Participant: 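Structure in structure tokens, see below.
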Amino acid sequence: MEAEAHYDYLVAVIGAGPAGLYAAKQLASHGVYVVLINRDIKPGGLAEYGIYHSKHKMKAGLRKQFRGILQAPNIEYYGNLVVGDKGDFTLKQLEALGFQAVIVTAGAQGTKWLGLPGEDLLGVYHAKDIVYHYNKLPPFSQKQFAIGKHVAIIGVGNVMLDIARWLIRDVKVEQVTAVARRGPAEVKFTKKEMESVARNLDLEALDEEMERVAPRMRAVGQDPGEARQFILSALEKAYDPVSDTRFTFDFLASPSRMLGSERGEVRGLEVEDTELVPKNGDTKANRLGTKRTLPVETVIFCIGDKVDEDFGLPVRWNEFVKHPEPRFPVGGNSYEAYDPEGEKAIEGVFVAGWSREASSGLVGVARKDGESGAQAVLQYLDGKSPMTEMGKFLEGFRQRLANLDKHVVTKPEWEMLENQEQAEADRLGLDEFKYASNEEMLAVIERANLQPAD
Ligand SMILES: Cc1cc2nc3c(=O)[nH]c(=O)nc-3n(C[C@H](O)[C@H](O)[C@H](O)COP(=O)(O)OP(=O)(O)OC[C@H]3O[C@@H](n4cnc5c(N)ncnc54)[C@H](O)[C@@H]3O)c2cc1C
Ligand SMILES: NC(=O)c1ccc[n+]([C@@H]2O[C@H](COP(=O)([O-])OP(=O)(O)OC[C@H]3O[C@@H](n4cnc5c(N)ncnc54)[C@H](OP(=O)(O)O)[C@@H]3O)[C@@H](O)[C@H]2O)c1
């Protein structure tokens, strides 16, 4: 008898980032049989392909946890398999196959375009694409990015600092300017992340900038000295600089358009000055109508992402729509997908992690959200009859995967690939080695599959 015959419930988890992996773990530990489907060949999501590439210890620790989760006999893993309107299966096809519930933990894969003139110019990018590039996620790993001497990076969160770090410590451009629509008191980055680039700050320029925006800060009761001190507090434990890159800030400036050369390359970022307006205990940026142009050759938006609009679920405000009156709430949150036109739940479909709240929080937050999403699924399954003939169902599902016109990567194949990458890293004396294209990864797997078993 197949192992799966011992399980009563069958759930598909879509996306093997931290949210999906921990959702799978939670479901599996409650006796559910889980089919974990992942777009990328390897699991990990942004923990593998987002977290800064030189944070080897953190990434190795997370990989170890993920390997542990995937050891569970009642979690099947399929990498290189995309769900969505343009994917290998649509969400509806997957539901129709007969999974008792589906939990979508596919992260926030869409791009938050602001609709500004010049967004299509060469040299205008979104952070996720660059982050995927330097973390070697195919196909971004193979794309070329036109990085000029002076780069404007928009937004002042930790993603901005990761991009600044790459530009300052890896690419070594001449100048990086972080552009913030609000002021120095509203930066969202942490002191720890600022340490990697603080020694490249142009301190004179920072003081001039603080002086320039101080009246607008004081107008809403903010202390410019305190905000300056926070930025400079990173200097104490700052990394030694490795380039002469000047790192500057441009506060209270909201991007309004990108200006291009005749050849369609970005040559300037036009910003509109803003003032701060108090709003619900926070502030909001109010455009003032005066505009300036920063002469830059690259613009990188680091303003968060949105979910994939082609996934097959309704989207509102960058996120999949959740049931406003959840039947299975966890911690006061709704994890149930919702059809706002039909005003009803999308039966059996749940969302968690960055698919529930786009670009929100660290790995630990995504982990907790995946676990909570799984709790919501368990509540839902509580009222359902156990699945009969799970073995037969899974056999049919595996056959469908085998009939696809592509190589879907199984758990043993992914383990072999990881071991092979580790062996390459050891051989080359590197902290990490990654094959840069899906073709290379699949060739390694296919070669190993051809080897006779011992
Ligand atoms: C640049 C950057 C740096 C970060 N650095 C840190 C850090 O240093 N420390 C920290 O704690 N947190 C960090 N974070 C945050 C952390 O990475 C996220 O909190 C976490 O990864 C979100 O988990 P998730 O599972 O919801 O989504 P993701 O990690 O995005 O995982 C989504 C998964 O879904 C899969 N998928 C996507 N679409 C489909 C589809 N259509 N079909 C099937 N599968 C699909 C993807 O292959 C991926 O495996 C960083 C985030 C970013 C963007
Ligand atoms: N090393 C790490 O630990 C690490 C690294 C990377 C990411 N992360 C985590 O991942 C999550 C996402 O990070 P993030 O940096 O993408 O998000 P974030 O912290 O929310 O920062 C986004 C920035 O973009 C700005 N922004 C948003 N919309 C804008 C618009 N329309 N025009 C101009 N500016 C706009 C925001 O300004 P407003 O404040 O004015 O909205 C903010 O400064 C966070 O939880 C972060 O901590 C952690």
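Remember, predicted model here, so these are calculated numbers, not experimental data. Counting convention: from 1, in listed order, for ligands and their atoms alike.
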Participant: Among Arg181, Met160, Glu193, Glu357, which one puts a heavy atom closest to atom 37 (O) of ligand 2?
Facilitator: Arg181
Participant: Just to be sure I'm reading this right: ignoring hydrogens, which of Asp305, Val159, Ile41 gets closest to atom 53 (C) of ligand 1? Compare them by their nearest heavy atoms.
Facilitator: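 Residue with the shortest heavy-atom distance to the ligand atom: Val159.
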Participant: Regarding ligand 1, does Lys55 bring an N or O atom to under 3.5 Å of one of the ligand's N or O atoms?
Facilitator: yes
Participant: I want to know if ligand 1 touches Ser355 in the polar sense, i.e. an N/O pair below 3.5 angstrom.
Facilitator: no
Participant: Give yes or no for whether the N/O distance cutoff of 3.5 Å, strictly under, is met between Asn38 and ligand 1.
Facilitator: yes
Participant: So which bit of Asp369 gets within less than 4.0 Å of ligand 1, heavy atoms only: side chain, backbone, both or neither?
Facilitator: neither
Participant: Would you call Glu371 and Lys368 a salt bridge, taking side-chain N to carboxylate O under 4.0 Å as the test?
Facilitator: no
Participant: Does Val365 have a heavy atom less than 4.0 Å from any atom of ligand 1?
Facilitator: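 Per 4.0 Å heavy-atom rule, Val365 does not contact ligand 1.
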Participant: Taking Glu195 for the side chain and Ala234 for the main chain, is one N or O donor matched with an acceptor at less than 3.5 Å?
Facilitator: no
Participant: Quick test of your reading of the structure: of Ala47, Gly50, Gly361, Ala106, whose heavy atom lies closest to atom 15 (C) of ligand 1?
Facilitator: Gly361
Participant: Give yes if a backbone or side-chain nitrogen or oxygen of Ile14 is under 3.5 Å from a nitrogen or oxygen of ligand 1, and no if not.
Facilitator: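 N/O-N/O distance below 3.5 Å does not exist for this pair.
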Participant: For the pair Phe397 and Tyr78, name the ring-plane relationship: parallel under 30°, tilted 30 to 60°, perpendicular over 60°.
Facilitator: perpendicular
Participant: Does atom 7 (C) of ligand 1 have any protein heavy atom closer than 4.0 Å?
Facilitator: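 Within 4.0 Å of atom 7 (C) of ligand 1, protein heavy atoms are found.
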Participant: With only distance considered, is Leu46 within less than 3.5 Å of ligand 1 through an N or O on each side?
Facilitator: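 So ligand 1 has an N or O lying under 3.5 Å from an N or O of Leu46.
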Participant: Is ligand 2 under 4.0 Å from a heavy atom in the side chain of Arg165, in the backbone, in both, or in neither?
Facilitator: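 Neither; nothing of Arg165 gets under 4.0 Å from ligand 2.
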Participant: Taking the six-membered ring for Trp, is the centroid-to-centroid distance between His133 and Phe140 below 6.0 Å?
Facilitator: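 His133 vs Phe140: aromatic centres not under 6.0 Å.
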Participant: Output yes when the distance from some N or O of ligand 1 to some N or O of Ala108 is under 3.5 Å, and no in every other case.
Facilitator: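 By distance alone, the answer is no.
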Participant: Any salt bridge linking Glu270 with Arg257? Criterion: basic side-chain nitrogen under 4.0 Å from a carboxylate oxygen.
Facilitator: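 Arg257 and Glu270: salt-bridged.
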Participant: Regarding ligand 1, does Gly364 bring an N or O atom to under 3.5 Å of one of the ligand's N or O atoms?
Facilitator: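 Looking only at distances, the answer is no, because the N/O contact criterion of under 3.5 Å is not met.
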Participant: Tell me which part of Cys302 gets within contact of ligand 2: side chain, backbone, both or neither, using heavy atoms under 4.0 Å.
Facilitator: backbone
Participant: Under a 4.0 Å heavy-atom limit, does Lys192 contact ligand 2 with its side chain, its backbone, both, or neither?
Facilitator: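 Within the 4.0 Å criterion, Lys192 makes no contact with ligand 2.
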Participant: Evaluate Ser360 for polar contact with ligand 1, using N/O atom pairs at a separation under 3.5 Å.
Facilitator: no
Participant: Determine, counting only non-hydrogen atoms of the protein, whether one lies under 4.0 angstrom from atom 26 (O) of ligand 1.
Facilitator: yes
Participant: Check the angle between the aromatic planes of Tyr49 and Tyr132 and answer parallel, tilted or perpendicular using the 30° and 60° thresholds.
Facilitator: perpendicular
Participant: Would Lys143 and Asp129 pass as an ion pair if we require N to O under 4.0 Å?
Facilitator: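 Asp129 and Lys143: not salt-bridged.
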Participant: Check this for me - ligand 1, Gly353, N or O atoms closer than 3.5 angstrom, yes or no?
Facilitator: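 Between Gly353 and ligand 1, no N or O pair is found under 3.5 Å apart.
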Participant: Given Pro18, Ala366, Gly157, Gly17, which has its nearest heavy atom closest to atom 33 (C) of ligand 1?
Facilitator: Gly17
Participant: Among Leu10, Leu378, Asn74, which residue meets the side-chain contact (heavy atoms from CB on, under 4.5 Å) test with Val32?
Facilitator: Leu378
